[in-house]
2 protein chains.
Amino acid sequence: MNNRAALEERHTGAPRTRQTVTIKHVAAEAGVSLQTVSRVINNGPNVTPVVRERVQAAVAKLGYFPNLAARRLGGSRSYLLMALNDREPTVAGWREGRGNDWIDQMLLGGMLTCAEHGYRMIFELVDSHSDKMVDQIQAALSALRPDGVILTPPHTENAAIADILLRNGVPFARLGSRTEGEGLSIAMNDALAAATAVDHLAELGHKRIGFITGSRDYLASIDRLAGYRGAMDRHGLFDPALVAEGDFGYASAVQAFETLSAIQSPPTAIIASSGEMALAVLAMARKLDIPVPEALSIVSFDDTPTVRMSAPPLTAIHQPIAGMTSLAAEMLIQIKDGRSDLSSGQILPFEFVVRGSTGPCRS
Amino acid sequence: MNNRAALEERHTGAPRTRQTVTIKHVAAEAGVSLQTVSRVINNGPNVTPVVRERVQAAVAKLGYFPNLAARRLGGSRSYLLMALNDREPTVAGWREGRGNDWIDQMLLGGMLTCAEHGYRMIFELVDSHSDKMVDQIQAALSALRPDGVILTPPHTENAAIADILLRNGVPFARLGSRTEGEGLSIAMNDALAAATAVDHLAELGHKRIGFITGSRDYLASIDRLAGYRGAMDRHGLFDPALVAEGDFGYASAVQAFETLSAIQSPPTAIIASSGEMALAVLAMARKLDIPVPEALSIVSFDDTPTVRMSAPPLTAIHQPIAGMTSLAAEMLIQIKDGRSDLSSGQILPFEFVVRGSTGPCRS
DNA sequence: CTGTTAGCGCATTCAC
DNA sequence: GTGAATGCGCTAACAG
């Protein structure tokens, strides 16, 4: 026994007792060829029920489970889907304790759907703003050879990423993108969501409804603003002074809040393009003793745990992140399966959740 | 071209242009044997610097990245670590929008450390309370053949899990467990943390310090209670009526709060064994118009995003979850490497973060 | 419907 | 210090 084996044994406290059960053992046990076992495992055709059952019995008896690496090497699929996210903001969210609802919801939707199909989702972080990004992605693709890749904003619209995926022949889904282009696009209707928020506030009697935009790098920001603008026009309420620029982050919303507070006739309601920005507005209101929702209504464009648990809990647009990821996984797996009953350009419904941060206009 | 290939091509929009670069191509390019390339890639010995550089140049030129599946199949390692979590509570946390700070911090610590070593962390959910649990774990082990497994509470103390890991010869780390036993144990000092909370409150003049326990299934709950008890005794403040039972969940803390409020001389401060329970106490206080921290101080035993963002933000014990996971990954990889400068039974420091929910006792 | 053959890309073992 | 042979566990292509 070599050194490493000894060390491993020491750390596991016992010699290997369970030696690997392979397809070979199953074949011997069932008295069939390797290929037949493979067929049964993969639900292939051309196996008589009798043989199938005999093989399945052998599988169960021996406790056989196929080895992913071998399947990948021999066959044409890896049973792996890769979810790509931007490293810097993702890590920052975790590290600074802000949480990362988008990631959590992706895991929820992606992992469960993958599991249903015998797939696994591997979560991969890349440095989007580095020139090494393409290399990092190529390395991950070469190492893992995933059967599909799930892209999230802002990668969604990134041409370099689409290009390398294309060159590698890997199907991919772009979450949160309604643009035409390569890859499956799966999104929600951001404009409609913004309009819904406006309608809700207008119904409560608000005339001065402020809007804090998201980062311009995100197409969704543009859509949200357009939806807001359209709805405000429809109600005859639009005023450019009611729009302040933000970047999804807390600090930018503090700034935006101050801008909006300083105008001639300040808003009695504010729609913030992210959860963090909505929380910033709430914090500012608290600081200035502005009661919410009595003197100021707030709508958040994310329905994160902190948004739900704030005081008061915020009225929010609940984006179907888990649903989009789940659908993406489903579709990518279908492509590998050679089926494709689902078409690209999917739009999933959002939910508008009314909570304590919006109320009748009293001024 | 078969059906599936055509479908994939349609969905990727282009034929494969980048065909796989293997070690073979690199060997040809560098004019050496496969084996030499393998040595260079794995930083093996017995390669002259000249040859090494020639190979590295070829690798860079061709854009070669090793294929994980092939490495695993040919060699003795998978470059995979598996993090095991309980499905039901994990999914519930995501689904109900409560968030899942433990998971987030694990990802932070585990993924980054794995990445540093060319490893990947695969996140796996198992049904701990099902009789299929062992089969699920065996299936995951057989499929992935991870080089190590990271266990979290309450799996940490589960004998069936340790047993199957042992039988598969897979090294593992138990997070949040200070007990002796198989596998590496990495934990924090829960008792000391509870004592620190008591000391903090006692210094603020509190005499009636309540404690809400966590679920008994978790060893940490016992430790926390013991630490509380010890510190209270030390200050001469212990009273069994000040301890109420909880199970980490919101509802249980509402109940516990009512119990504590009903005693002869109710607590002026409460230590809750989880973030959710602390938030429940805060919500109850708000509901009953009990000002925090003026009339009631609150300490949380988790430092989650919602705990930080509440009003007021809660004083909390920050557990080193990312650090524990990172250390676990580091140690497991070292075992595979045949090195082991680190020993089992690691205790990592926690942080006690004072925020707005604790203040001087005024009664 | 079933079995045989070949090979995926790499690390390991042994020659040289 | 380097190269050649062997096989990991499985699926694909073909033969029967």
Side-chain angles (χ1 to χ4, degrees), chain A residues 1-5 19-28 30-55 59 62 64-80 118 141-145 147 336-338, chain B residues 1-5 19-28 30-55 59 62 64-80 118 141-145 147 336-338:
Chain A
M1 181 179 283
N2 67 29
N3 243 339
R4 184 164 61 214
Q19 76 277 35
T20 327
V21 178
T22 76
I23 201 172
K24 221 170 191 166
H25 302 131
V26 177
V32 297
S33 72
L34 301 187
Q35 187 47 28
T36 301
V37 177
S38 179
R39 284 193 186 98
V40 172
I41 291 165
N42 296 296
N43 285 316
N46 299 338
V47 187
T48 44
V50 192
V51 176
R52 183 177 297 277
E53 269 185 43
R54 195 143 42 93
V55 172
V59 165
L62 300 179
Y64 167 77
F65 298 100
N67 176 319
L68 255 202
R71 282 185 122 174
R72 156 67 228 169
L73 210 53
S76 58
R77 58 166 81 193
S78 60
Y79 295 91
L80 254 29
L141 292 176
S142 297
L144 265 17
R145 307 238 145 238
D147 291 340
K336 253 307 186 235
D337 285 347
Chain B
M1 181 179 283
N2 66 27
N3 244 340
R4 185 164 61 214
Q19 75 277 33
T20 327
V21 178
T22 75
I23 202 172
K24 221 171 191 166
H25 303 129
V26 177
V32 297
S33 72
L34 303 187
Q35 185 42 33
T36 302
V37 177
S38 180
R39 284 194 186 97
V40 172
I41 291 165
N42 296 296
N43 287 315
N46 298 340
V47 187
T48 45
V50 192
V51 175
R52 182 177 297 276
E53 268 186 43
R54 194 142 46 90
V55 171
V59 165
L62 300 178
Y64 167 78
F65 297 100
N67 178 320
L68 254 203
R71 281 186 124 175
R72 156 67 226 166
L73 211 51
S76 59
R77 59 166 82 192
S78 60
Y79 295 92
L80 254 29
L141 291 177
S142 297
L144 266 15
R145 308 237 143 239
D147 292 339
K336 252 306 185 235
D337 285 347

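Chain identifiers are assigned alphabetically (A, B, ...) following the order of the sequence lines, protein sequences preceding nucleic acid strands; residue numbering begins at 1 within each chain. This is a predicted model, so every value here is computed, not measured.
For B:Leu34, the side chain to side chain contact (heavy atoms under 4.5 Å, CB included) criterion is met by B:Ile23, B:Lys24, B:Ala27, not counting sequence neighbours. Residues passing the side chain to side chain donor-acceptor pair (under 3.5 Å) test with B:Thr48, sequence neighbours excluded: none. Residues passing the side chain to side chain contact (heavy atoms under 4.5 Å, CB included) test with B:Arg52 are B:Val40, B:Asn43, B:Val47, B:Gln56, sequence neighbours excluded. Every residue was checked against the ring pair (Phe, Tyr, Trp, His ring centres under 6.0 Å) condition with A:Phe65, not counting sequence neighbours, and none meets it. Contacts of B:Arg54 classified as side chain to side chain contact (heavy atoms under 4.5 Å, CB included), with partners at least two apart in sequence or in another chain: B:Ala30, B:Val32, B:Val51. Residues satisfying the side chain to side chain donor-acceptor pair (under 3.5 Å) test with A:Ser142, not counting sequence neighbours, are A:Gln138. With sequence neighbours left out, A:Thr22 forms a side chain to side chain donor-acceptor pair (under 3.5 Å) with no residue at all.
Counting only distance, with no hydrogens or angles, the side chain of A:Asp147 and the backbone of A:Lys336 share no donor-acceptor pair below 3.5 Å. A:Asn67 places a side-chain N or O within donor-acceptor distance of the main-chain N or O of A:Ala69, the cut-off being under 3.5 Å.
Proximity of A:Ser33 to the phosphate of C:dT4: no side-chain N or O atom is located under 4.0 Å from OP1 or OP2. Put simply, A:Ser76 has no side-chain N or O that comes within less than 4.0 Å of OP1 or OP2 on D:dT11.
Near-neighbour residues of DNA chain C inside residues 47-55 of chain A, defined by a heavy atom below 4.0 Å, number-ordered: A:Val47, A:Thr48, A:Val51.
Atom P of nucleotide D:dA12 and atom CG of A:Asn46 are separated by 14 Å, given to the nearest angstrom. Between A:Asn43 atom CG and D:dT11 atom P the separation is 12 Å, expressed in whole Å. Rounded to an integer number of Å, the gap from CD of A:Gln35 to P of D:dC14 is 13 Å.
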Enumerate the protein-to-nucleotides 14-16 of chain C contacts in which both atoms are nitrogen or oxygen and the separation is below 3.5 Å.
none

Is there any protein nitrogen or oxygen under 3.5 Å from a nitrogen or oxygen in nucleotides 7-10 of chain D, and what are the pairs?
{"residue": "D:dC8", "atom": "O2", "partner": "B:Leu73", "partner atom": "O", "Å": "2.7"}
{"residue": "D:dC8", "atom": "O2", "partner": "B:Gly74", "partner atom": "N", "Å": "3.1"}
{"residue": "D:dG9", "atom": "N2", "partner": "A:Ala70", "partner atom": "O", "Å": "3.4"}
{"residue": "D:dG9", "atom": "N2", "partner": "A:Gly74", "partner atom": "N", "Å": "3.3"}
{"residue": "D:dC10", "atom": "OP1", "partner": "A:Tyr64", "partner atom": "OH", "Å": "2.4"}
{"residue": "D:dC10", "atom": "OP1", "partner": "A:Asn67", "partner atom": "N", "Å": "3.3"}
{"residue": "D:dC10", "atom": "OP2", "partner": "A:Ile23", "partner atom": "N", "Å": "2.5"}

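In this structure, B:Arg71 and B:Asn42 have side chains that are in contact, with non-hydrogen atoms separated by less than 4.5 Å.
Put simply, CD1 on B:Ile41 and OG1 on B:Thr36 are 10.5 Å apart, with the number rounded to the nearest 0.5 Å.
The rotation axes computed at either terminus of the helix from C:dC1-D:dG16 to C:dC16-D:dG1 lie 30° apart, taking five pairs at each end and rounding to 10 degrees.
A cation-pi arrangement is absent between B:Arg72 and B:Tyr79, since the terminal nitrogen or guanidinium carbon is not both under 6.0 Å from the aromatic centre and inside a 45° cone about the axis.
Under the 4.0 Å criterion applied to side-chain N and carboxylate O atoms, B:Arg77 and B:Asp337 are assigned as salt-bridge partners.
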